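Structure first, then comments.
This one's a predicted model, so the numbers in the text were calculated from it and none came from an experiment. In what follows, chains carry the letters A, B, and so on, assigned in the order in which the sequence lines appear, proteins first and then strands, with residues in each chain numbered from 1.
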There are 2 protein chains.
Amino acid sequence: MRFVSAEQVAQLAGVSRSAVSRTFTEGASVAPATREKVLKAAEELGYHVNDLARGVLANQSRLVGVVATKPEIGFRAHLTAALTKALIRRGSIPILINTGETEEELLAAQKMLIGHRAEATVILSGSPPASFFELAQRNGQPLVVIGRSEPDADRVLAGNAEASKEAADAFIAAGRHRLAVIGSHSATPSIAERENAFLATAHASGFEVRTAHGRDSDYDSGVIAARALFAEGERPDAIFCANDLLAFGAMDVIRQEFGLSVPENVALIGFDDVPEAAWLSYGLTTFHQDPEAIAARAVTLLDRRQQNPDEPRACERVIPRLVYRNSFPRP
Amino acid sequence: MRFVSAEQVAQLAGVSRSAVSRTFTEGASVAPATREKVLKAAEELGYHVNDLARGVLANQSRLVGVVATKPEIGFRAHLTAALTKALIRRGSIPILINTGETEEELLAAQKMLIGHRAEATVILSGSPPASFFELAQRNGQPLVVIGRSEPDADRVLAGNAEASKEAADAFIAAGRHRLAVIGSHSATPSIAERENAFLATAHASGFEVRTAHGRDSDYDSGVIAARALFAEGERPDAIFCANDLLAFGAMDVIRQEFGLSVPENVALIGFDDVPEAAWLSYGLTTFHQDPEAIAARAVTLLDRRQQNPDEPRACERVIPRLVYRNSFPRP
DNA sequence: ACGCGGTCTGCACGGCTGTGCAGGAAATGG
DNA sequence: CCATTTCCTGCACAGCCGTGCAGACCGCGT
């Protein structure tokens with residue numbers, strides 16, 4: 001008896017349950033007087049429409065799954081926040097599936113979403129197995145993938161290739177010829193794409209590029225990668241880091257462990273433009289990505305898919321913009 | 001026809017719908033042979049129990065609301081992530097309500113949660129109005145509040161007062177007598193508590209404390225507060241910052257704008273021990289808070305409340321531990 | 001006064017599920 | 001081989017809600 005049902009409201013208001021239902025249904029036809037009575041009774045009893053029952057009827061809820069591993073880290077934190085905000089504003093209910101790396105955890109989460117008749121799933125990271133896409137497709141779950149070129153889903157892509165090319169060209173134009181790139185072993189698609197595009201551009205211009213990888217794509221990995229680059233071999237004078245966290249780690253090692261200065265000895269460009277990039281200690285030149293813009297595109301895709309379920313897969317693009325700061329000043 | 005119903009599975013398996021239902025209900029009595037038939041048919045059709053309908057019957061869903069403003073920032077990001085992970089592991093479904101500051105936004109979110117018969121709400125931040133607690137109580141929504149002393153809800157508290165006292169004592173014992181504290185105007189309860197406890201302890205020992213506040217409790221506010229402290233008046237030689245982000249901003253200003261060194265000229269202690277505190281550029285001495293431990297306590301409270309709805313409000317405490325790094329080395 | 005059109009309203013049904021209850025089949029004991 | 005118990009199963013109901021449909025009621029024009 002914790003919750004009030006429409007029946008009780010109807011009784012108190014002296015109308016039928018249908019009238020109550022119609023009062024709370026957008027676009028239904030109720031006489032203003034009846035509506036008033038119902039609203040008053042509802043207020044008095046503390047009635048709230050049972051969205052679960054509504055969902056049963058519609059065979060769909062307003063739940064939207066947001067799947068991310070490590071949603072607390074770096075740019076992904078900002079993306080997650082922007083996305084949940086955009087979803088709420090749209091009237092959807094974001095479910096944050098903070099899944100570990102395990103495939104089975106992910107699958108369990110997906111079953112939950114299907115069980116709750118979620119209207120869609122947005123994937124921010126990780127590399128879901130093929131079975132994931134298959135299951136989603138089979139249950140008519142619209143899928144939006146961010147930062148990953150997945151042909152079986154709508155997707156939002158950052159211009160990783162274009163940006164990375166721009167970075168390489170900028171280094172070369174500034175007379176930096178001992179190039180390096182720091183990526184990650186746990187190559188998420190975006191990270192790998194950035195690394196590869198940088199390599200390709202540099203090679204096309206006839207330059208060698210040293211590469212280093214940390215285990216992950218976080219600060220510690222940047223530290224390890226930079227140590228590897230500077231401990232032996234020819235020291236680079238320009239490093240492209242696949243994301244900002246890697247760049248912070250690298251910058252700290254370069255300055256504090258090797259006594260070099262940035263940007264005089266080594267220029268750095270990062271990716272994402274997380275707020276830390278503007279901190280006084282770093283002043284990182286980096287590609288700005290707007291989490292709100294990306295979230296907005298994702299929501300657009302959701303809307304479109306919902307209106308037109310059988311349309312071919314769409315792809316939205318967002319172009320990162322190079323923000324010059326101290327680690328590689330504007331030429 | 002997007003989803004398969006139990007009826008269809010029953011038909012294919014040649015049993016009644018009840019048998020299907022029982023197969024997917026924990027602890028129901030089904031013959032192994034029947035169970036097999038049902039599972040096979042379900043697999044073939046791609047059946048998933050409709051959790052919405054289940055929820056209608058039980059008058060409760062497994063949804064848990066997680067309310068936070070700016071869940072992408074600092075310690076809160078880690079707490080949010082830990083909490084969602086813990087909830088998922090528990091079998092609950094975390095809904096991330098990334099609410100703006102507006103009261104009405106928060107209320108709308110709460111209605112959503114009630115409408116979906118969420119089993120509980122966890123509040124990570126913000127200062128919900130009284131009506132919020134009232135509404136929750138009225139609908140039997142268990143409430144867990146983190147880092148805020150709210151008598152109308154179960155709560156998880158960090159030992160803000162104890163820790164802040166420890167900070168003041170440590171500074172004084174180390175011979176630092178020109179104390180300062182950096183807090184925030186948008187005083188969330190934890191921040192205010194830390195600031196006040198530090199002040200009280202210092203005063204009790206007979207020391208004056210200069211105070212400075214930024215607009216918020218982030219990096220930029222730390223920058224502004226530190227500028228205010230060092231631009232005029234007697235310069236402090238020890239600053240307690242109500243969280244790590246404030247400390248980073250302060251440290252950068254102290255070093256780079258005023259050319260002072262940390263910890264020789266100014267010692268710093270922060271709060272939270274976010275990963276950035278261990279970065280080479282900072283090496284911040286700070287109070288470690290374990291997001292996983294806090295999340296675990298919150299889940300404990302949920303479990304307890306669910307088993308025993310009428311128990312008096314409970315309170316779990318987590319004690320932060322001072323981690324010594326370079327900004328204030330172990331004496 | 002009467003017919004007519006339009007607006008509301010209530011009934012009943014449909015959408016899925018869990019479960020008490022009674023009955024049937026199988027197993028077990030004598 | 002029969003009686004009794006045990007274990008399953010199917011029926012029917014309950015839990016909420018939205019909505020098509022038909023009927024009631026009101027207002028209005030003639």
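With hydrogens and angles ignored, the 3.5 Å screen pairs a side-chain donor or acceptor of Gln141(B) with a backbone N or O of Ala118(B).
For Glu72(B), there are no side-chain hydrogen bond (donor to acceptor under 3.5 Å, both in side chains) partners two or more places apart in sequence or in a different chain. With sequence neighbours excluded, the residues satisfying side-chain hydrogen bond (donor to acceptor under 3.5 Å, both in side chains) with Arg297(A) are Glu316(A). Applying the salt bridge (charged side-chain N to carboxylate O under 4.0 Å, His left out) criterion to Arg62(B), with sequence neighbours excluded, gives no partner residue. Not counting sequence neighbours, Arg155(B) has no partner by the side-chain hydrogen bond (donor to acceptor under 3.5 Å, both in side chains) test. Taking Ile73(A) as the reference, Lys70(A), Leu245(A) meet the side-chain contact (heavy atoms from CB on, under 4.5 Å) condition, with sequence neighbours excluded. In this view, Asp290(B) satisfies the salt bridge (charged side-chain N to carboxylate O under 4.0 Å, His left out) rule with no residue, not counting sequence neighbours.
Protein atom CD1 of Ile114(B) is 17 Å distant from nucleotide atom C1' of dC16(D), rounded to whole Å. Taking atom NZ of residue Lys37(B) and atom C1' of nucleotide dC8(D), one finds them 12 Å apart after rounding to whole Å.
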Under 3.5 Å, side-chain donor or acceptor atoms of residues 17-25 of chain B against the rest of the protein: list the pairs with distances, not counting sequence neighbours.
| unit_1 | atom_1 | unit_2 | atom_2 | d |
| --- | --- | --- | --- | --- |
| Thr23(B) | OG1 | Ala19(B) | O | 2.8 |
| Thr25(B) | OG1 | Ser21(B) | O | 2.7 |

For residues 32-47 of chain B, please give each side-chain donor-acceptor pair under 3.5 Å, one per line with the distance, not counting sequence neighbours.
none

What pairs of donor and acceptor atoms, side-chain ones from residues 79-97 of chain B against any protein atom, are under 3.5 angstrom apart with sequence neighbours left out?
| unit_1 | atom_1 | unit_2 | atom_2 | d |
| --- | --- | --- | --- | --- |
| Thr80(B) | OG1 | Arg76(B) | O | 2.6 |
| Thr84(B) | OG1 | Asn98(A) | ND2 | 3.4 |
| Thr84(B) | OG1 | Thr80(B) | O | 3.1 |
| Thr84(B) | OG1 | Ala81(B) | O | 2.8 |
| Arg90(B) | NE | Asp303(B) | OD1 | 2.7 |
| Arg90(B) | NH1 | Ser92(B) | OG | 2.7 |
| Arg90(B) | NH1 | Glu119(B) | OE2 | 3.3 |
| Arg90(B) | NH2 | Asp303(B) | OD1 | 2.9 |
| Arg90(B) | NH2 | Gln306(B) | OE1 | 2.9 |
| Ser92(B) | OG | Glu119(B) | OE2 | 3.0 |

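Rounded to 10 degrees, the angle separating the terminal axes of the helix from dA1(C)-dT30(D) to dG30(C)-dC1(D) is 40°, with each axis obtained from five end pairs.
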All N/O pairs under 3.5 Å across the protein-nucleotides 25-28 of chain D interface:
none

Any protein N or O atoms within reach of nucleotides 8-17 of chain C? Criterion: under 3.5 Å, listing atom names and distances.
| unit_1 | atom_1 | unit_2 | atom_2 | d |
| --- | --- | --- | --- | --- |
| dT9(C) | OP1 | Thr34(A) | OG1 | 2.1 |
| dT9(C) | OP2 | Ala31(A) | N | 3.1 |
| dG10(C) | OP2 | Ser16(A) | N | 2.9 |
| dG10(C) | OP2 | Ser16(A) | OG | 2.9 |
| dG10(C) | N7 | Arg22(A) | NH2 | 3.0 |
| dG10(C) | O6 | Arg22(A) | NH2 | 2.6 |
| dC11(C) | N4 | Ser18(A) | OG | 2.9 |
| dT17(C) | OP1 | Tyr47(B) | OH | 2.7 |
| dT17(C) | OP1 | Asn50(B) | N | 3.3 |
| dT17(C) | OP2 | Ala6(B) | N | 2.6 |

